[in-house]
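Everything on this sheet refers to the single structure shown next.
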Amino acid sequence: MSWGFMRGSAWKFLQSPQYTRSGSRGTFAPPNLFYDDVQDNVSSLDDSASGEEDLDSLVFFGMMKGNVVGLRYYAGVVNNNEMVALQREPSNPYDRNAVKVNNVNGEQVGHIKKELAAALAPIMDRKLVRMEGVVPYGAHNVFTMPVNLSFWGKDDDKKGVLDHMKAHGYKLDPVLKSSGKSFPSLDAGSGSGASPPVQLTVEQLKTEFDKLFEDLKEDDKTQEMEPVKGIQTVLLPHQKQALAWMVSRENSTELPPFWEQRGNLYYNTLTNFAEKERPESIRGGILADDMGLGKTLSVIALILTNFHDGQPLPTGKVRSEKQKTNSAGKSRNTASQGQCSETREIGNSQEASATVSKRQKARKVKYDFNDSEEEWLPRKTKSSPACSLVDDDQFAMALSGASSGKKKKSKTKIIDKTTVQTHSKCDRKLPRPTLIICPLSVISNWIDQFEQHVQAEVDLKIYVYYGPERSKDPNSLSQQDVVLTSYSTVTHDYGNNSPLHKIKWLRVVLDEGHTIRNPNAKQTKAIHSLDAVRRWVLTGTPIQNSLKDLWSILSFLKLKPFTDREWWHRTIQRPVTMGDQGGLRRLQALVKNITLRRTKTSKVKGKPVLELPERKVYIQYVQLSTEERQIYQSMQSEGKAIIGRYFNEGTVLTHYADVLAVLVRLRQLCCHPHLVSSGSSSASLKAEATPEELREKLINKIKLVLNSGSDEECAICLDSLNNPIITRCAHVFCKPCICQVIHSEKPNAKCPLCRSEIHLEHLLECPEEEFDSGEKKDKKWMSSSKVDALMCALIEQRNKDPRVKSIVVSQFTSYLSLIETALRESGFIFTRLDGSMPQKKRTEAIQSFQSTADDSPTIMLLSLKAGGVGLNLTAASRVFLMDPAWNPAAEEQCFDRCHRLGQTKDVIITKYVVKDSVEENMLKIQSKKRELAAGAFGTKKPSASEMKEARIKEIRTLVDL
DNA sequence: ACCGCCGGGTGCC
DNA sequence: ACCGCCGGGTGCC
């Protein structure tokens with residue numbers, strides 16, 4: 001492999017702290033506070049705001065018949081029962097009330113007749129109604145055709161819309177009729193259309209969703225394929241299945257799901273749309289295997305094995321001196337389609353220890369840019385006379401080296417350093433490089449994995465497109481085999497003369513692809529507009545909360561007609577959320593077609609996909625000492641008094657930050673009395689004096705929220721905070737979210753939580769934090785009940801088997817610092833990983849901990865959310881969770897860092913919980929959240945007000961009020 | 001459009 | 001006839 005970096009190694013860029021972005025928490029914000037650089041935010045909001053409403057909460061208002069006129073002036077055609085879209089056209093010179101009628105492809109069919117348009121225009125413009133149409137018959141009329149219009153909107157607006165229509169002499173039929181023959185189960189019987197007769201209960205829906213990704217191993221997905229020899233790791237059976245599946249999808253010429261050929265036309269069975277042009281095959285899909293099943297390896301195998309039109313990448317680097325011995329001497333194992341007949345030794349090459357030496361060996365070869373520049377390029381377009389020497393067979397052999405066949409042997413000799421080996425089909429128009437986009441923290445993982453799994457001799461050119469020195473030259477980038485970059489880089493580059501958007505990619509792979517779920521984000525647009533033949537999404541959580549997430553992915557996959565949200569919504573999302581069986585069937589068919597997912601418990605040929613060791617979770621209750629209990633009780637009664645007062649006043653949420661402060665302090669007291677910072681207590685209320693003081697208070701509050709480990713959600717997007725800011729009224733939101741609110745409600749924007757006035761200039765970001773470590777050095781070290789319990793367990797463990805490694809997890813980094821002292825006192829060698837560490841230090845920490853050397857650390861102090869999903873700490877077989885998390889999923893994810901592929905021992909997890917404390921109440925909340933998460937999918941997300949309600953309930957539970 | 005609508009031509013039966 | 005009726009011209013918004 002060769003590694004292209006513009007100047008030296010990419011490590012420099014990856015590791016230098018100024019380029020680390022932690023994504024959500026405010027540890028990287030510029031030192032300043034008042035938010036003034038609104039420019040690019042507002043503009044990005046502008047284009048996102050257009051046409052973007054919440055389609056999910058719409059209810060059915062009624063239907064009526066209308067007419068489409070002016071057919072002969074437009075090219076768009078429809079079929080009977082085909083869905084059409086309605087679009088306002090205020091700029092029409094003849095009628096500013098004009099309403100266009102478009103077919104599924106967005107081609108105009110005609111206009112709504114003007115009298116009706118006059119009635120519709122005002123309510124459409126005020127977004128009181130969303131119109132949908134179906135042409136029931138007469139699709140081939142020359143001048144006009146009928147259209148069945150259905151009206152949808154917010155419940156609050158229903159009456160207004162109905163009255164308005166009545167005033168124009170139109171009466172809506174309240175019964176939702178079939179919107180085409182493909183939706184038979186939506187046929188309404190009696191009563192309101194909002195509750196169709198054939199409906200699944202929420203329970204049924206849930207089980208159906210659970211099953212959605214099961215049984216995907218049927219069909220042809222059980223076929224296995226050996227990777228090309230250049231992959232030096234033996235794939236596990238399920239990884240070979242993934243490879244076979246991905247290769248077959250990439251080379252597929254099938255029609256996409258829901259398309260049929262009828263005569264010389266192609267029909268979409270969902271919308272009844274038809275066109276002459278054959279819709280593009282979906283040469284990609286979603287690899288949704290659970291975390292830890294080796295998606296990265298499967299994709300690396302894909303890149304090499306299906307490198308070019310079903311052909312693998314050359315495995316023998318044709319490179320001056322070495323070349324002859326290499327390519328002549330090796331027996332190759334793969335036939336031209338990558339199907340392998342040769343069996344290889346089954347080794348333990350997936351074990352980390354076995355690869356260390358290979359890795360080091362590989363690295364030497366690599367970071368040498370000049371060297372790789374001069375190297376033989378496997379398929380440069382510049383041709384050479386030598387090109388003709390290499391025929392098809394030979395190419396296949398040189399690439400993959402089918403081990404049989406004598407003629408091939410003889411031809412091998414032809415290749416020498418003067419030969420520019422060229423694929424005989426090199427003029428095929430397929431582009432060359434694969435673009436891999438992942439979160440920044442995962443880039444280094446990809447690099448590791450390439451090094452680990454790809455033979456060092458394979459001439460795979462990898463370029464890390466990241467950092468200020470990245471090459472902006474599309475030509476040089478398109479000479480690479482793999483370009484690795486981060487989501488933020490793609491987003492930042494977008495619209496900015498980005499080479500990434502000029503290149504025709506062979507393949508784009510989105511790692512952790514669920515991060516594109518927000519359809520309005522600039523990021524999503526930046527990614528959707530990448531030009532690639534083959535498109536893949538890797539994710540461990542294909543559908544996190546709602547079908548919306550899936551839509552973003554489908555849109556990225558360019559699955560017609562879902563690239564337009566209306567068709568997705570009308571044909572799948574709405575029917576499914578309304579409990580329509582047909583909708584669910586379509587969803588199932590779709591998912592089945594484009595997704596491969598195995599969980600840790602899936603089986604291949606009756607055997608578990610991974611034979612992971614056992615995992616046991618123990619809760620160990622801790623009793624506070626008398627002194628600790630005293631402090632705790634007094635803090636508790638103080639806190640209860642404060643929170644109780646808020647409850648009485650009904651102002652719990654307006655004082656949310658204060659409530660949180662109380663809770664954090666109680667949780668900290670459960671861990672160690674020294675965790676409670678003396679400064680921040682009781683300085684909450686009071687009329688504020690100077691702006692300086694106000695600012696400081698707000699900064700303290702936002703820090704509190706961010707560092708409390710509470711995984712706060714933004715009340716606007718209901719997602720976890722992204723780029724958090726705090727308002728004057730001390731509420732924390734995502735910066736983009738609140739900017740949008742301010743922008744759209746200007747000039748009198750109000751806080752969504754407490755309705756006090758908010759201004760852009762008053763928003764505060766969390767300043768760069770030196771983090772609380774080491775800040776209270778003056779306090780004399782002492783232990784705590786929990787620390788004692790931990791040390792007791794660690795020492796016992798060391799006596800039993802000193803080689804067992806442990807992870808000690810807390811949400812409070814200052815707690816980890818206190819534990820450090822205890823560890824030192826008892827002579828433990830440990831390392832540490834938390835969110836404040838620069839990438840370089842993290843990598844060091846992980847590597848030293850994973851090392852098997854005698855003097856390597858046996859303990860890793862880990863902050864709960866440090867490291868991305870990929871964090872691999874399999875060296876540990878014990879986990880000590882020092883304090884319960886709000887969100888049980890965060891705990892699970894943490895456990896999975898060592899309970900994953902590569903773990904050889906049973907994993908024992910100990911959760912410390914203080915008896916009769918806020919911690920015990922947190923366990924209750926955890927189990928509620930688990931239930932909620934289990935039922936979450938497909939059902940609507942809670943609204944902001946339901947969210948508030950839930951939070952208040954949580955607080956009640958926590959403080960026993 | 002094998003319609004509706006418009007406006008000019010026309011006017012007992 | 002300030003009507004009706006006829007038939008030609010015409011046609012989305």
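Proteins come first, then strands; the chains are lettered A, B, ... in the order of their sequence lines, and each starts at number 1. The structure presented is a predicted model; accordingly, all values stated were derived computationally and were not measured.
B/dC6 and B/dA1 are spaced 15 Å apart, taking the C1' atom of each and rounding to whole Å. Taking the P atoms as reference points, B/dG8 lies 25 Å from B/dC3, given to the whole Å. Distance check on atom C1': B/dT10 versus C/dC5 gives 9 Å, rounded to whole Å.
Rounded to an integer number of Å, the gap from A/Lys100 NZ to C/dC13 C1' is 11 Å. Put simply, OH on A/Tyr73 is 9 Å from P on C/dC13, counting in whole angstrom units. Atom pair A/Asn67:CG and B/dG4:P shows a separation of 12 Å (rounding to whole Å applied). In this entry the distance linking CD of A/Gln87 with P of C/dC13 reads 17 Å, nearest Å. What separates CG of A/Leu86 from C1' of C/dC13 is a distance of 14 Å, to the nearest Å.
Sorted by first and then second residue, the pairs that involve residues 268-282 of chain A and meet salt bridge (charged side-chain N to carboxylate O under 4.0 Å, His left out), not counting sequence neighbours, are A/Glu275-A/Lys560.
Within residues 102-113 of chain A, the residues approached by DNA chain C to less than 4.0 Å at the level of any non-hydrogen atom are A/His111, A/Ile112, A/Lys113, in residue-number order.
A/Arg507 is linked by a salt bridge (Lys or Arg N to Asp or Glu O under 4.0 Å) to A/Glu250, counting only residues two or more places apart in sequence or in another chain. Under the side chain to side chain donor-acceptor pair (under 3.5 Å) criterion, A/Thr485 pairs with no residue, sequence neighbours left out. Annotation: side chain to side chain donor-acceptor pair (under 3.5 Å) contacts of A/His164 (sequence neighbours excluded): none. Considering only residues two or more places apart in sequence or on other chains, A/Glu260 meets the side chain to side chain donor-acceptor pair (under 3.5 Å) condition with A/Arg262.
Stacking here means ring centres nearer than 5.5 Å and ring planes tilted less than 30 degrees, and by that measure A/Tyr94 does not stack onto C/dC12. Residue side chain A/Phe143 fails the stacking definition with respect to C/dG11, as its ring centre and the base's six-membered ring centre are not both under 5.5 angstrom apart and under 30 degrees in plane angle.
Of the charged side-chain nitrogens involved, at least one lies within less than 4.0 Å of a carboxylate oxygen, so that A/Asp493 and A/Lys472 count as a salt-bridged pair.
If you check B/dG11 for Watson-Crick or wobble pairing at under 3.5 angstrom, you find it paired to C/dC3.
Residue A/Lys166 qualifies as open at atom NZ: its count of foreign heavy atoms under 6.0 Å is 12 or below.
Close to C/dC13, at under 4.0 Å from its OP1 or OP2, lies a side-chain N or O of A/Lys114. For the OP1/OP2 pair of C/dC12 and a distance below 4.0 Å, the side-chain nitrogens and oxygens of A/Arg72 include at least one atom meeting the criterion.
If you check distances only, the side chain of A/Asn92 does reach the base of C/dC13 with a donor-acceptor pair under 3.5 Å.
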